[in-house]
Amino acid sequence: MLTKRTAHVVRHYAALVVWLSGMLINPTTIAEEPSGLFNQQGYRLPPYRTSVTAPIPGVTALNDGAFSALVASPPAILVDVYALTWHDGMFLQDSPHLTIPGSVWLPNVGAPTLEEEWIGYFADALDALREYEEGAPLVFFCRADCWLAWNAARRAQAMGYEGLYWYPNGVDGWQASGGALEAVCPQLPAHAEWVTCEP
């Protein structure tokens with residue numbers, strides 16, 4: 001049986017191998033989408049704010065009602081993947097980021113390609129979240145019609161995580177359903193040099 005640390009290392013390197021080899025292409029997953037909108041690994045390229053129509057094998061999509069029900073019966077780990085500019089070792093944030101209460105903000109993990117340090121950031125964060133809530137659903141979201149959450153959920157599935165969910169309507173759907181929002185700071189990667197957000 002694998003220890004948690006061994007499982008983390010296996011997931012980390014499996015993600016790197018898949019990323020480097022381009023083996024994640026699955027024509028049946030993106031057959032309805034123009035091929036020029038996806039990279040060789042099958043992740044969505046810009047523009048990200050457009051109708052999301054492709055399913056993700058192994059990931060459950062949630063409508064507003066299903067998401068609300070999941071949140072109402074914890075534990076559920078909510079992961080906001082909304083993008084935030086990274087420059088010279090720090091996130092550049094000039095206004096508060098409002099999200100679904102109780103969420104962890106992992107910016108940029110929904111990018112179509114990630115460098116090794118950002119893959120490590122993603123895996124470390126998910127492992128830490130699951131350490132305290134083992135087996136809890138991992139729910140990825142950003143805004144409505146946002147492919148970043150699709151990319152992040154797909155990446156987590158490729159890295160070997162299970163119990164994955166994706167909330168396509170994101171913050172917009174939650175707010176439209178009457179849900180409150182709260183300000184949150186991005187979780188810092190190990191390679192961050194500066195803290196630019198205070199809760």
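Cluster membership for F67 and L129, using ILVMFWY side-chain heavy atoms within less than 4.5 angstrom, is not shared. Both L84 and W147 are members of a single hydrophobic cluster when ILVMFWY side chains are connected at heavy-atom separations under 4.5 Å. Hydrophobic clustering (ILVMFWY, side-chain heavy atoms < 4.5 Å, transitive): V81 and L138 are in one cluster.
Going from atom CG of N63 over to atom OG of S68 covers 8.5 Å, rounded to the nearest 0.5 Å. Atom CD in Q41 sits 9.0 Å away from atom CZ in R154 (nearest 0.5 Å). Expressed to the nearest 0.5 Å, how far NE2 of H191 lies from CH2 of W118 amounts to 4.0 Å. Within the model, atoms CG of N151 and SG of C146 stand 9.0 Å from one another, a figure rounded to the nearest 0.5 Å. Atom CG of L114 sits about 5.5 Å away from atom CD1 of I119, to the nearest 0.5 Å.
Counting heavy atoms from C-beta on, the side chains of Q175 and L181 come closer than 4.5 Å. Counting only heavy atoms from C-beta outward, the side chains of P168 and V52 never approach each other to under 4.5 Å.
Within the structure, the side chain to side chain donor-acceptor pair (under 3.5 Å) test picks out the following pairs touching residues 82-101 (sequence neighbours left out): D80-H97, D80-T99.
Remark: R130 fails to qualify as a cation-pi partner of Y161 under the 6.0 Å distance and 45° angle criteria applied to the six-membered ring.
Between R143 and D172 there is a salt bridge, since a side-chain N of the basic residue sits under 4.0 Å from a carboxylate O of the acidic one.
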- Task: Show the numbers, then the answer: is there a ring-ring contact (aromatic ring centres under 6.0 Å, His included) between W166 and F141?
- Result: CA-CA 6 Å; W166 161 50; F141 68 92; over 10 Å; no
